[in-house]
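Structure record follows, encoded as structure tokens.
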Amino acid sequence: MQGLVLQLTRAGFLLLLWLCVWLVISALRTDARLASGLRPRQKEAKAPRRALFSRTSKVAKYLVVTHGPLANTRITLGQQPVLIGRADDSTLVLNDDYASTRHARLARDGDDWYVEDLGSTNGTYLARNKVTTPTRVPLGTPVRVGKTVIELRP
């Protein structure tokens, strides 16, 4: 009888060990997916058939500087990411002491644009909230990089 209890206990611990290994691997995959800029898998709600054929949402076509030294500057958006900072090879070059060399990046995912802080000293803000992970930018929402404020426009 004691041998049977010992074998069942060993099997239970082995199953518990495999469960822990599976949970760790699952967490690592999720973290890797978030670090690469992909969103975690989510079940999408089925849209009504009318919504599939009539798109009422507007797509961002321009990046407009609304405040700062480059006010009224307008950049036409394409498929390429927009790099923002003091570096000469940036898409939007800022001559601002509060902006880092490579401060932030705007990247497209489908029809949506996401802002990502690239480890800047003073941070990137989306509507007064500090950006810590890639965050979707709605149209007309201010994004602050140093003294410069930009918005996506249709």
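Heavy-atom basis, side chains included; hydrogens, waters and symmetry copies ignored.
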Test side chain to side chain contact (heavy atoms under 4.5 Å, CB included) on Leu139 and Val59; report intermediate values, then the result.
CA-CA 8 Å; Leu139 291 175; Val59 179; over 6 Å; no

Take Leu118 and Arg105 through the side chain to side chain contact (heavy atoms under 4.5 Å, CB included) test and state the conclusion after the steps.
CA-CA 7 Å; Leu118 300 176; Arg105 175 178 40 224; 3.5 Å; yes

Criterion side chain to side chain contact (heavy atoms under 4.5 Å, CB included) on Asn72 and His67, from CA distance to verdict
CA-CA 8 Å; Asn72 299 323; His67 293 89; over 6 Å; no

Residues Leu106, Leu77; criterion side chain to side chain contact (heavy atoms under 4.5 Å, CB included); working and verdict
CA-CA 10 Å; Leu106 278 168; Leu77 298 172; 5.8 Å; no

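In terms of modelled atom types and a separation under 3.5 Å, the side chain of Ser90 and the main chain of Ala87 share a donor-acceptor contact. Ser26 places no side-chain N or O within 3.5 Å of a backbone atom of Val24 that could act as its donor or acceptor partner. Counting only distance, with no hydrogens or angles, the side chain of Arg86 and the backbone of Asp88 share no donor-acceptor pair below 3.5 Å. The backbone N or O of Leu83 sits less than 3.5 Å from a side-chain atom of Thr91, completing a donor-acceptor pair. Judged by distance alone, the side chain of Thr66 and the main-chain N or O of Val149 form a donor-acceptor pair under 3.5 Å. Listed for the His103 side chain is a donor-acceptor partner under 3.5 Å among the backbone atoms of Gly123. Not a single donor-acceptor pair under 3.5 Å links the side chain of Asp96 to the backbone N or O of Gly146.
Atom-to-atom distance recorded for Arg144:CZ and Leu126:CG is 11.5 Å, nearest 0.5 angstrom. A distance of 4.0 Å separates CG in Leu6 from CZ in Arg10, rounded to the nearest 0.5 Å. With values rounded to the nearest 0.5 angstrom, Asp117 atom CG is found 9.5 Å from Thr135 atom OG1. Note that SG of Cys20 and CD1 of Ile25 are 11.5 Å apart. Values are rounded to the nearest 0.5 Å. Remark: Glu116 CD to Thr132 OG1 distance equals 10.5 Å, nearest 0.5 Å. The CG atom of Asp97 sits 7.5 Å away from the CG atom of Asn95 when rounded to the nearest 0.5 Å.
With Ile150 as the partner, the side chain to side chain contact (heavy atoms under 4.5 Å, CB included) test is satisfied by one option alone out of Thr141, Val64, Ile84: Ile84. Tested against Leu152 for a side chain to side chain contact (heavy atoms under 4.5 Å, CB included), the candidates Val143, Val115, Val137 yield a single pass: Val137.
Ion pairing between Asp89 and Arg102 holds under the 4.0 Å rule for side-chain N and carboxylate O.
Shown here is Tyr98, whose OH atom has no more than 12 heavy atoms of other residues, nucleotides or ligands within 6.0 Å.
No continuous path of hydrophobic side-chain contacts links Leu70 to Tyr125 [ILVMFWY only; heavy atoms under 4.5 Å].
Residues Tyr62 and Arg74 have side chains that bring a donor and an acceptor to within less than 3.5 angstrom of each other.
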